[in-house]
Amino acid sequence: MRDPGPVSVNALAGSIPDGARLALPADYGGVAMAATFALIRRGARRLRLFGVPTSGLQTDLLIGAGAVETLETAGMALGESGVGPRFRDALRAGGLVVRDSTCPAQHAALQAGEKGIPFLPLRGILGTDLLAGRQDWPVIRNPLAGEADPDPIVLIPAVRPDVALFHAALADAAGNVWIGLRRELATLAHAARRTLVTVEALHPGNLLEDPLMAPGTLPHLYVAQVAVAPGGSWPLAFGESHPADDGALARYSEAAKTDDGFAAILAEWLR
Amino acid sequence: MRDPGPVSVNALAGSIPDGARLALPADYGGVAMAATFALIRRGARRLRLFGVPTSGLQTDLLIGAGAVETLETAGMALGESGVGPRFRDALRAGGLVVRDSTCPAQHAALQAGEKGIPFLPLRGILGTDLLAGRQDWPVIRNPLAGEADPDPIVLIPAVRPDVALFHAALADAAGNVWIGLRRELATLAHAARRTLVTVEALHPGNLLEDPLMAPGTLPHLYVAQVAVAPGGSWPLAFGESHPADDGALARYSEAAKTDDGFAAILAEWLR
Amino acid sequence: MRERDVTKSAFLAAVLARCIAGSGSVAVGSNSPIPAAAALLAEHKAAGRLTVFILGSPRHNPFTDGGREMFDFAAQGRLDSFFLGGGEIDGTGDINLLRTGDHRFPGCYGAPYLMALVPNIVLFREEHSRRVLVPRVDFVSARGSGPEGAYRTGGPKSLVTGRAVFRFTDGGFTLVSCHPGETVETIRAETGFDFAVAADPRPTEGPTDEDLQLLQGPIASALAPLYPRFTARLLRGSHA
Amino acid sequence: MRERDVTKSAFLAAVLARCIAGSGSVAVGSNSPIPAAAALLAEHKAAGRLTVFILGSPRHNPFTDGGREMFDFAAQGRLDSFFLGGGEIDGTGDINLLRTGDHRFPGCYGAPYLMALVPNIVLFREEHSRRVLVPRVDFVSARGSGPEGAYRTGGPKSLVTGRAVFRFTDGGFTLVSCHPGETVETIRAETGFDFAVAADPRPTEGPTDEDLQLLQGPIASALAPLYPRFTARLLRGSHA
């Protein structure tokens with residue numbers, strides 16, 4: 001059930017409980033950074049992150065802030081700067097549980113969640129050490145294969161995140177959200193139990209009633225809370241209107257190499 | 001590979017070979033009736049129809065014209081008039097092979113085709129006579145279930161139609177097609193080997209480059225041929241701009257009850 | 001009933017609307033004009049707390065992910081109610097949407113799936129006769145319960161016909177109300193399967209004046225594009 | 001080479017572009033600036049017959065079905081070419097994108113899947129050393145061939161490094177050309193796995209004048225929003 005009307009970014013972030021399985025888009029896919037700062041401010045703990053399909057700055061920040069217990073993702077990098085420094089540090093220190101995955105498996109897990117089915121089969125991956133590390137990905141013989149054909153195939157279990165959190169362009173008063181081409185966010189919201197969205201702006205009409213907007217709209221049915229946060233993806237890019245703040249990202253990559261540097265830039269960004 | 005530029009409706013229909021597995025939308029989903037008349041005119045034979053997910057007037061016409069060898073569909077009715085008269089007649093006469101299905105299985109088969117996986121599991125259906133009639137739908141024990149839980153689940157084999165044929169609002173010169181909310185047509189086109197589309201009109205710009213049009217656009221990558229056919233869904237509805245011709249549909253339902261009546265109305269419509 | 005123009009369709013729509021009261025979401029399949037009217041009536045009465053999806057109606061379609069979304073929505077556990085009919089319905093809640101002998105019905109549509117997944121399935125068939133309500137269906141399109149061991153979150157909760165309303169519990173039907181002019185005896189005479197009778201079977205309540213105004217006004221208008229003959233002939237007709 | 005400002009990146013982009021010549025479609029993953037430049041160069045030269053998808057670039061994205069579409073497209077058999085790198089690459093074509101000892105790479109991304117499904121996989125790693133080109137990878141992120149019995153439509157066809165170009169056939173690499181300044185001997189010294197040598201190993205051809213103009217002009221501009229440091233530092237740099 002949706003709360004009526006938009007809420008504050010703090011209220012939205014505050015509704016994410018400690019221990020939640022939290023699904024987050026890739027750095028190019030509409031990241032709710034303003035809400036992430038709010039989540040860190042409130043001292044979130046033991047989050048189990050799920051990358052859709054990969055992870056970046058947002059996850060590195062959450063790890064550095066001590067908010068993350070597990071991370072399941074297909075990749076973890078800060079753009080051209082490579083592996084996130086806080087992620088790398090947490091791996092060295094131990095305590096962070098990482099479940100390495102691959103992009104199509106992350107998508108397939110959410111599609112299975114969306115369809116209410118226990119798993120989705122997926123080609124490829126066979127014979128890799130990635131698969132060897134995933135005891136939760138069974139390999140079965142394709143029941144449709146010919147008798148002489150072993151045809152092993154990987155099954156990806158469904159994932160239904162407790163919370164999905166992302167940033168989008170527009171929401172209307174009914175709670176419909178315009179995601180445009182970012183359809184993985186629709187799959188994600190379908191699969192998730194609760195979907196929280198920050199948006200650049202409110203749309204005056206009903207998005208579903210506009211034939212040009214409706215095809216890029218996630219219906220209110222799946223949206224638990226909306227908060228308005230203009231520029232809410234900073235310092236990450238959002239669409240063509242909000243390019244990445246390359247200076248801020250470069251500063252982060254450098255600063256976060258040390259505990260003190262990370263603490264300083266985090267304090268600055270949380271102000 | 002796409003042919004350059006739009007072709008004639010006759011050329012488009014002429015590219016569907018006899019014996020093709022041909023996937024067609026439901027009566028409300030953008031039916032290429034003008035192309036269907038052209039297909040009947042050229043004397044198509046042995047088509048294997050696949051309903052996305054159900055079938056109606058178009059399929060009844062093709063059956064009546066002797067163009068159909070098999071029909072796999074979740075339902076076959078002419079709106080408020082019930083079971084199609086030519087379909088019913090063909091069942092009585094024998095010779096038409098019907099593979100009865102259910103809507104979510106039709107969608108799942110195409111999703112599996114789209115994903116290049118051999119099958120998709122699906123909940124429900126268990127214990128029905130529908131399932132008993134589908135030797136091609138294996139039931140397996142869910143490999144992810146607990147040891148004590150039998151948890152049987154149906155597997156729907158992938159379908160990759162030879163040809164998909166439908167009617168849409170707009171296409172551009174690059175072959176991109178605006179399908180709006182009819183996203184099952186995108187899944188269908190992804191799964192199909194060749195996709196043929198009739199459209200109401202040509203769009204002057206590039207649909208993928210317009211941020212408002214792109215989310216409802218099927219990319220040219222999947223589109224083999226486009227033909228312009230204004231009103232090309234007649235007598236079926238298309239969007240709000242083209243309501244169904246209820247008079248014509250009622251006349252068909254009545255006329256097609258007899259061989260002679262069908263022959264007469266078909267001759268009239270093919271003119 | 002008072003002296004009003006209550007068509008049978010309006011009466012049944014009002015009864016069906018009560019069967020989905022309290023739902024947060026309801027979907028209506030194709031060729032289902034009376035359930036569609038019922039869903040819109042329930043929507044009016046729920047004051048925005050009910051989401052209605054009517055297949056084929058662009059104005060009652062909250063979905064944007066194509067034909068599969070409603071089925072996925074159901075499997076996610078988000079669809080509370082759905083209406084199902086049946087060429088035949090038997091006392092175990094099994095329904096036949098495909099064929100009897102050499103008579104062909106339109107087909108199973110979403111029934112084999114939705115019956116297993118939607119918690120509040122409302123069975124509806126206007127014809128109440130031994131031809132329709134049979135001891136055992138010829139063909140099981142969808143099961144009222146089971147099979148044993150199968151994952152299942154849905155099933156029938158009620159059966160509404162042109163004569164009566166039944167509740168479905170523990171794999172069988174209980175008569176809870178008879179429409180005006182019917183009695184337990186007339187119902188039994190026209191029903192091919194055994195059923196229990198509620199301790200206090202009452203006359204089925206028809207539409208209120210407000211229901212009727214809604215059905216004959218905005219709801220009939222909303223459904224006219226999708227069901228022209230139904231709305232013209234039945235909902236606004238002047239003979240009950 | 002004539003007196004031109006050919007950066008190493010431009011040289012490699014031109015070499016990679018030739019590895020995908022004839023493709024109808026190519027996709028480039030994240031953090032892959034030189035392959036992205038190569039794909040755009042190939043697109044220019046293919047005169048509209050090549051579809052280029054660059055992950056993260058809104059202008060080079062022909063897809064409208066979200067993040068999964070490129071992977072589905074590949075499994076449909078529609079994606080001809082893809083570039084893959086590797087923290088380690090061994091002589092069987094296996095690659096490691098995850099970790100060696102306690103050193104962590106960014107991750108496997110789509111590699112475990114795409115390597116098995118895309119017919120023309122171009123392996124690319126600028127660093128050509130025994131640290132990267134190893135006898136056996138520490139962790140198999142994606143396999144160059146097999147495993148036996150598995151469904152497979154894809155695999156590596158070539159390997160391009162900062163020193164040489166190899167062809168991949170029958171489960172192993174063959175040196176086909178050495179970049180300027182390299183010889184079979186220098187390559188062997190820097191390569192940790194065994195490889196065959198083509199009958200006629202030649203110097204690798206660099207970019208044509210037209211290639212260079214395209215790379216330093218429209219292609220650098222197109223990639224600047226996605227790879228600002230790469231385009232600033234490398235593609236337009238004045239030292240080879």
Side-chain angles (χ1 to χ4, degrees), chain A residues 25-29 51-55 73-77 79-84 87-88 91-92 98 100-108 110-111 122-133 142 145 149-153 181-187 237 239-240 243-244 246 250, chain D residues 29-31 33 55-59 61 63-72 74-75 94-99 102-118 137-143 145-154 225-230 232-233:
Chain A
D27 272 1
Y28 51 80
V52 185
T54 60
S55 308
T73 192
M76 170 61 199
E80 290 179 87
S81 302
V83 176
F87 169 68
R88 191 190 293 264
L91 284 183
R92 283 197 188 122
V98 180
D100 289 298
S101 183
T102 172
C103 303
Q106 296 295 95
H107 291 301
L110 294 175
Q111 276 192 283
L122 205 62
R123 288 301 191 186
I125 310 172
L126 293 162
T128 63
D129 288 334
L130 183 78
L131 179 61
N142 170 13
D149 184 359
D151 200 14
I153 189 163
L181 283 170
R182 296 250 71 99
R183 291 203 70 81
E184 67 275 13
L185 300 179
T187 306
E240 308 244 355
D246 293 321
Chain D
S30 54
N31 302 320
L55 184 66
S57 166
R59 280 151 200 268
N61 181 356
F63 296 133
T64 60
D65 206 23
R68 68 170 175 256
E69 186 172 359
M70 195 259 284
F71 300 102
D72 291 350
D94 288 1
I95 64 173
N96 175 3
L97 294 158
L98 199 74
R99 60 170 172 258
D102 68 350
H103 185 74
R104 167 82 195 195
F105 305 125
C108 296
Y109 292 85
Y113 173 89
L114 294 170
M115 184 82 113
L117 295 173
V118 178
V137 293
D138 264 12
F139 181 96
V140 179
S141 290
R143 288 179 62 129
S145 58
E148 209 181 329
Y151 175 91
R152 180 158 197 144
T153 58
L226 192 59
Y227 294 116
R229 282 184 272 171
F230 165 74
R233 208 173 55 211

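Residue numbers start from 1 in every chain, and the chains themselves are labelled A, B, ... in the order their sequence lines are given, proteins ahead of strands.
- With values rounded to the nearest 0.5 angstrom, A/His107 atom NE2 is found 8.5 Å from D/Met70 atom CE.
- When heavy atoms are compared at a cutoff of 4.5 Å, A/Val98 approaches chain D solely by way of its side chain, counted from C-beta outward.
- A search for side chain to side chain donor-acceptor pair (under 3.5 Å) contacts involving D/Ser30 returns nothing, not counting sequence neighbours.
- Closest approach of A/Cys103 and D/Gly110 over heavy atoms only: SG-N, 3.6 Å.
- Note: A/Arg88 leads A/Arg182, A/Gln106, A/Arg92, A/Arg88 in heavy-atom pairs under 4.5 Å with chain D.
- In this structure, chain D has no heavy atom under 4.5 Å from any part of A/Leu110.
- Ranked by non-hydrogen atom pairs under 4.5 Å with chain D, the options A/Pro104, A/Ala77, A/Gly75, A/Ala26 are led by A/Pro104.
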Verdict with reasoning, D/Leu55 to A/Tyr28, per side chain to side chain contact (heavy atoms under 4.5 Å, CB included): CA-CA 9 Å; D/Leu55 184 66; A/Tyr28 51 80; 3.8 Å; yes
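- The minimum heavy-atom distance between A/Leu126 and D/Arg143, with the atom names listed, is O-CD, 3.6 Å.
- By number of non-hydrogen pairs under 4.5 angstrom with chain A, the leading residue of D/Gly149, D/Pro33, D/Ala116, D/Gly56 is D/Gly149.
- Taking chain A as the reference chain and counting heavy-atom pairs below 4.5 Å, the highest number among D/Ala142, D/Gly67, D/Ala111, D/Gly29 is found for D/Gly67.
- Residues D/Pro112 and A/Thr128 come closest through the heavy atom pair CB-CG2, 4.4 Å.
- Of the residues considered (A/Gly29, A/Gly82, A/Gly79), A/Gly79 shows the highest number of contacts with chain D, using heavy-atom pairs under 4.5 Å.
- Test A/Thr73, A/Thr102, A/Thr54 against D/Tyr109 for side-chain contact (heavy atoms from CB on, under 4.5 Å) and you get one pass: A/Thr54.
- With sequence neighbours excluded, no residue satisfies ring-ring contact (aromatic ring centres under 6.0 Å, His included) with D/Tyr151.
- Proximity to chain D is limited to the side chain of A/Asp246, based on heavy atoms less than 4.5 angstrom apart.
- Remark: A/Arg123 CZ to D/Arg152 CZ distance equals 13.0 Å, nearest 0.5 Å.
- Minimum interatomic distance between A/Arg183 and D/Asp65 (heavy atoms only, all atoms of both residues): CD-OD1, 3.7 Å.
- Contacts between D/Leu97 and chain A at a heavy-atom distance below 4.5 Å are absent for every atom of the residue.
- In terms of non-hydrogen atom pairs under 4.5 Å with chain A, the most contact-rich of D/Leu226, D/Asn31, D/Asp102 is D/Asn31.
- Heavy-atom distances place both the backbone and the side chain of D/Arg68 under 4.5 Å from chain A.
- Of the two parts of D/Ala150, the backbone and the side chain both hold a non-hydrogen atom closer than 4.5 Å to a non-hydrogen atom of chain A.
- A/Asp129 and D/Asp138 get closest at one heavy-atom pair: OD2-O, 4.2 Å.
- With a threshold of 4.5 angstrom between heavy atoms, A/Leu91 approaches chain D through side-chain atoms but not through N, CA, C or O.
- Pairing each heavy atom of A/Ser101 with each of D/Cys108, the nearest pair is O-CB, 3.9 Å.
- In this structure, the separation between CG on A/Asp100 and CG on D/Leu98 is 4.0 Å, given to the nearest 0.5 Å.
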